[in-house]
Number of protein chains: 2
Amino acid sequence: MKKLTLPAASDMTLTAVCAALGDPVRMKIAQCLAHSGEKNCSGFEVDHLSKSTLSHHIKILREAGLIQPRIQGKEHFYSLRTEELDQRFPGLIALLLAEEV
Amino acid sequence: MKKLTLPAASDMTLTAVCAALGDPVRMKIAQCLAHSGEKNCSGFEVDHLSKSTLSHHIKILREAGLIQPRIQGKEHFYSLRTEELDQRFPGLIALLLAEEV
DNA sequence: TCTACAGTTTGAAAAATATCGAACTTAAAA
DNA sequence: TTTTAAGTTCGATATTTTTCAAACTGTAGA
């Protein structure tokens, strides 16, 4: 099993978070999770992207500190890291929620 | 004289704003303006970038709706569009201010 | 008018990013 | 144990972005 690393709240940078959210696919995923709580890959409402591309976007969101996985069997459920984000970037999740999805 | 367009608050997108802030040079400029109010190009504390590159970054910030120019003689003074940003993305400027510069 | 200055635009090269298919991993089901 | 399903990793390609120098624009001062 792969050990996957999530940055501590103090290690996240606003620049990396913004870069992660600066792509329309990743913004969609983040907003989707902000609204729905938890989803696996097939639950993101992004159209006709290969699974390798989707996996790439998820990795960027994860490495920026925005999302965390919960692995259950063969499924990977993702959710926003609400606690860390509220601590490190208060107001950020509200910005995601305010946008229409 | 060139007519330059700023997007209305309602036309700004969070994705474009995040993409604009997702580059370290532009994040620096935005934070600089958030703290200092108004500066011209030579006032941004970015190291050894050609003026054409700096101009390019300013354009991206402007087109995303983040900054506005005030042209006075040969100088272009830039500032954050605080009213529009507070209306369209409440909490965003606080995020910029919260980061160390 | 001529020159210097602050900044933009253009065109090109280099670097980074997005995308895909194929191969791989892991876990559940047959 | 074999197969299937969910997702990641790898390698390659196409697109985008960053960057610079050179040319240009508009303003102020000599």
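Just so we're on the same page: letters track the sequence lines, and every chain starts at 1. These figures come from a predicted structure and were not determined experimentally.
Note: NE2 (B:His57) to C1' (C:dG7) measures 15 Å, nearest angstrom. Rounding to whole angstrom units, CG of residue A:Asp47 and P of C:dC20 are separated by 11 Å. When the P atom of C:dC20 is taken as reference, atom NE2 of A:His48 falls 9 Å away, rounded to whole Å. Summarising the geometry, the separation between NZ on A:Lys51 and P on C:dC24 is reported as 14 Å, rounded to the nearest angstrom. If you measure from atom CD1 of A:Ile58 to atom C1' of D:dG7, you get 8 Å, rounded to the nearest angstrom. When rounded to the nearest whole Å, the span between CD of A:Glu75 and C1' of C:dA27 equals 11 Å.
Note on B:Asn40: every side-chain N or O is 4.0 Å or more away from OP1 and OP2 of C:dA6. When the side-chain nitrogen and oxygen atoms of B:Thr53 are compared with OP1 and OP2 of D:dT18, none of them lie within a distance under 4.0 Å. Residue B:Tyr78 places at least one side-chain N or O under 4.0 Å from the OP1 or OP2 atom of C:dT8. For the OP1/OP2 pair of C:dC20 and a distance below 4.0 Å, the side-chain nitrogens and oxygens of A:Ser50 include at least one atom meeting the criterion.
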Salt bridge (Lys or Arg N to Asp or Glu O under 4.0 Å) between B:Arg88 and B:Glu83, intermediate numbers included: CA-CA 9 Å; B:Arg88 181 69 179 82; B:Glu83 278 191 30; over 6 Å; no
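When the nucleotides C:dT8, C:dA18, D:dA28 are ranked by their closest atom to the side chain of A:Asp23, C:dA18 comes out on top. In this structure, the nucleotide among C:dG7, D:dT19, D:dA6 sitting nearest to the side chain of B:His56 is D:dT19. Among the nucleotides D:dT19, C:dT8, D:dT8, the one closest to any side-chain atom of B:Ser55 is C:dT8. Distance from the side chain of B:Val25 is smallest for D:dT19 among the nucleotides C:dA28, C:dA4, D:dT19.
Side chain to side chain, B:Ser55 and B:Ser52 fail the donor-acceptor criterion of an N or O pair below 3.5 Å.
Between A:Arg26 and A:Ser52, the residue whose closest nucleotide on DNA chain C is further toward the 5' end is A:Arg26.
Remark: side-chain polar atoms of B:Arg62 are not paired, donor with acceptor, to backbone N or O of B:Gln68 under 3.5 angstrom.
Within 4.0 Å of A:Leu49, counting heavy atoms only, lie sugar-phosphate atoms of the nucleic acid but no base atom. Among the heavy atoms of the strands, none lies under 4.0 Å from A:Phe77.
Taking every heavy atom of residues 59-68 of chain B and every atom of DNA chain D, pairs under 4.0 Å involve B:Ile60, by number.
In this structure, CD in B:Gln87 is found 8.0 Å from OG in B:Ser10, a value given to the nearest 0.5 Å. Note that CD of A:Glu63 and OG1 of A:Thr5 are 6.5 Å apart. Values are rounded to the nearest 0.5 Å.
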